[in-house]
Structures are given as C-alpha cells and as structure tokens.
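For reference, the structure discussed in these notes is given below.
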Amino acid sequence: MTIFLKILIVILPILMVSMTGAIGITFYYSHSALKEMAKNWLWIRLDEAVRLAVDQERILHEYGLDDVQPSIKKAQMDAIRLMDSIDLGKGGRTFAVDENGILSVRPEEVEVARDINNPEWLGMISGLQQGELIVTLGGRRYLGLYKYFEPWKWHIFVAAEENELYGALNQTKTYVVSIGVIGSLILA
C-alpha cells in the first residue's frame with residue numbers, strides 16, 4: 001500500500017465527518033435564524049391587528065358608546081374588516097376567538113361566529129395573555145401567535161403557513177447537501 005493511500009484512508013473520513021458536521025451546523029443555525037425572523041415578522045403583524053382593535057375600542061370610549069351593544073358590534077366588525085387587510089402572505093390568516101370559543105375573524109372563508117370550542121389548542125391558550133403555538137388548520141401547519149384583547153375578551157391570532165415561512169430554507173437544504181457531497185468527491 002502506497003503512502004498516498006494510507007494518508008487518504010486516514011484523512012478522507014476526517015474530511016467527510018468535518019464536512020457533514022459543517023453542513024449540519026450551518027443548516028441548524030440557518031433554521032434557527034429564519035425561525036426567529038419569522039416570529040418577529042408575525043409579532044409585528046399581531047401588534048398591527050391588536051392596534052386596530054385598540055383603535056376601534058378607543059373610538060367607542062371617546063364617544064361614550066362603551067356600553068351600547070350595536071356600537072360595540074359595529075366597532076368589532078370594523079376591526080375585523082381592517083384586520084383582513086393585514087398582509088400575511090398567501091396562506092396567512094388573521095382571526096379572533098372570544099372567551100366562548102366563537103370565531104370572530106377569518107379572512108379566507110366567511111365563517112364569522114362559527115363555534116370552534118373543540119380544538120385542543122383553544123384550551124392551551126385559555127387564561128394566557130400572549131404566546132405562540134403551531135396549529136393545523138385545513139391539513140396545513142401554521143405558526144401562530146396570539147394576544148389577549150381584554151375589552152372584547154378576544155384572543156387575536158395571526159398565523160402563517162410554515163411551508164411559506166421556511167420555504168427558502170427548505171430549498172437550500174438540497175443545495176447544501178449537494179455541495180457537501182460534490183466537495184467530498186472532489187477532495188477524494
């Protein structure tokens with residue numbers, strides 16, 4: 001056995017393990033960074049939705065209509081209409097659920113006042129002021145964030161499809177692995 005082959009047998013596994021480790025670490029940190037960026041983007045959208053509800057509630061208060069049910073319903077409908085305009089991508093959703101589990105906002109399907117008291121995720125958020133969760137709606141996974149809006153006893157949600165949020169990262173996975181394999185073959 002030549003000296004070249006002996007060196008290659010020792011060095012090649014070390015290079016392969018190093019290359020695989022570098023690929024894994026790069027993917028992990030890229031995924032973590034993209035997930036944080038997605039959460040920050042969703043928190044901004046959630047703050048917009050809550051601000052719209054706060055503005056409508058403030059208008060009620062300014063005109064002394066806090067206790068007039070038709071005015072409250074009108075303000076809620078206006079808030080719903082404005083929340084529908086928040087850009088959450090193609091599959092994103094904005095909706096609100098009251099304390100009884102009645103769905104108040106859902107832009108893509110007109111299901112206002114639909115009772116959704118059964119999903120287990122609704123029980124997970126009861127009593128919480130804000131948070132995040134991953135929910136499956138219509139067979140698709142969504143990263144969702146929510147805040148509680150006390151005056152109307154709503155949990156306001158924004159949710160975006162995970163495939164849409166992490167699409168760029170999922171596409172790069174194939175390229176990173178390919179580059180690693182080709183680089184290993186070139187080194188061999």
[X] versus [Y], closest heavy-atom pair with distance:
X: Ile72; Y: Leu65; value: CG1-O, 4.1 Å
X: Ala53; Y: Ala79; value: CA-CB, 4.2 Å
X: Thr94; Y: Ala49; value: CG2-CB, 4.3 Å
X: Ile156; Y: Leu46; value: O-CD1, 3.3 Å

**OP:** Hey, could you give me the CG/CG distance between Asp84 and Leu52, rounded to the nearest 0.5 Å?
**Re:**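 One finds 10.5 Å between CG of Asp84 and CG of Leu52.
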Is there a path of hydrophobic side-chain contacts, each under 4.5 Å between heavy atoms, that joins [X] and [Y]?
X: Ile59; Y: Ile80; result: yes
X: Phe4; Y: Ile14; result: no
X: Trp152; Y: Tyr148; result: no
X: Ile134; Y: Leu88; result: yes
X: Ile25; Y: Tyr28; result: yes

Do [X] and [Y] have side chains that get closer than 4.5 Å, going by heavy atoms?
X: Tyr29; Y: His31; answer: no
X: Lys74; Y: Asp78; answer: yes
X: Glu164; Y: Lys90; answer: yes
X: Leu143; Y: Leu133; answer: no

Original post:
For Val54 and Phe149, what are the C-alpha separation, side-chain angles and deciding distance, and is it a side-chain contact (heavy atoms from CB on, under 4.5 Å)?
Top reply: CA-CA 8 Å; Val54 166; Phe149 184 62; 3.4 Å; yes
Subject >> Main-chain N/O of Val158 paired with Arg93 side-chain donor or acceptor, under 3.5 Å >> reply: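 The answer is no, because no donor-acceptor pair under 3.5 Å joins these two groups.
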Original post:
Between the main-chain N or O of Val17 and the side-chain N or O of Thr20, is there a donor-acceptor pair closer than 3.5 Å?
Top reply: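 Such a contact is absent between Thr20 side chain and Val17 backbone.
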**OP:** For Ala159, check side chain to side chain contact (heavy atoms under 4.5 Å, CB included) against everything at least two apart and list the hits.
**Re:**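 Testing Ala159 for side chain to side chain contact (heavy atoms under 4.5 Å, CB included), a comparison that skips the adjacent residues, returns Tyr142.
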Original post:
Should Glu48 and Arg45 count as an ion pair when the cut-off is N to O under 4.0 Å?
Top reply: yes
Original post:
Is the count of non-hydrogen atoms from other residues, nucleotides or ligands lying under 6.0 Å from Ile9 atom CD1 greater than 12?
Top reply: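 Counting neighbours around CD1 of Ile9, more than 12 heavy atoms of other residues, nucleotides or ligands fall under 6.0 Å, so yes.
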**OP:** Evaluate the side-chain contact (heavy atoms from CB on, under 4.5 Å) criterion for residues Gln76 and Lys73: first the C-alpha distance (whole Å), next the side-chain angles of each, then the deciding distance (0.1 Å), finally the verdict.
**Re:** CA-CA 5 Å; Gln76 289 174 340; Lys73 286 292 182 196; 3.7 Å; yes
Original post:
Can you list the steps and then say if Lys153 with Asp98 is a side-chain contact (heavy atoms from CB on, under 4.5 Å)?
Top reply: CA-CA 6 Å; Lys153 302 201 181 329; Asp98 71 11; 5.7 Å; no
**OP:** Could you walk me through whether Trp43 and Leu145 pass the side-chain contact (heavy atoms from CB on, under 4.5 Å) test, one step at a time?
**Re:** CA-CA 7 Å; Trp43 278 114; Leu145 302 176; 3.6 Å; yes
Original post:
For residues 130-148, which residue pairs qualify under salt bridge (charged side-chain N to carboxylate O under 4.0 Å, His left out), counting only residues two or more places apart or in two chains?
Top reply: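 For residues 130-148: Lys39-Glu132, Asp47-Lys147, Arg140-Glu161, Arg141-Glu162.
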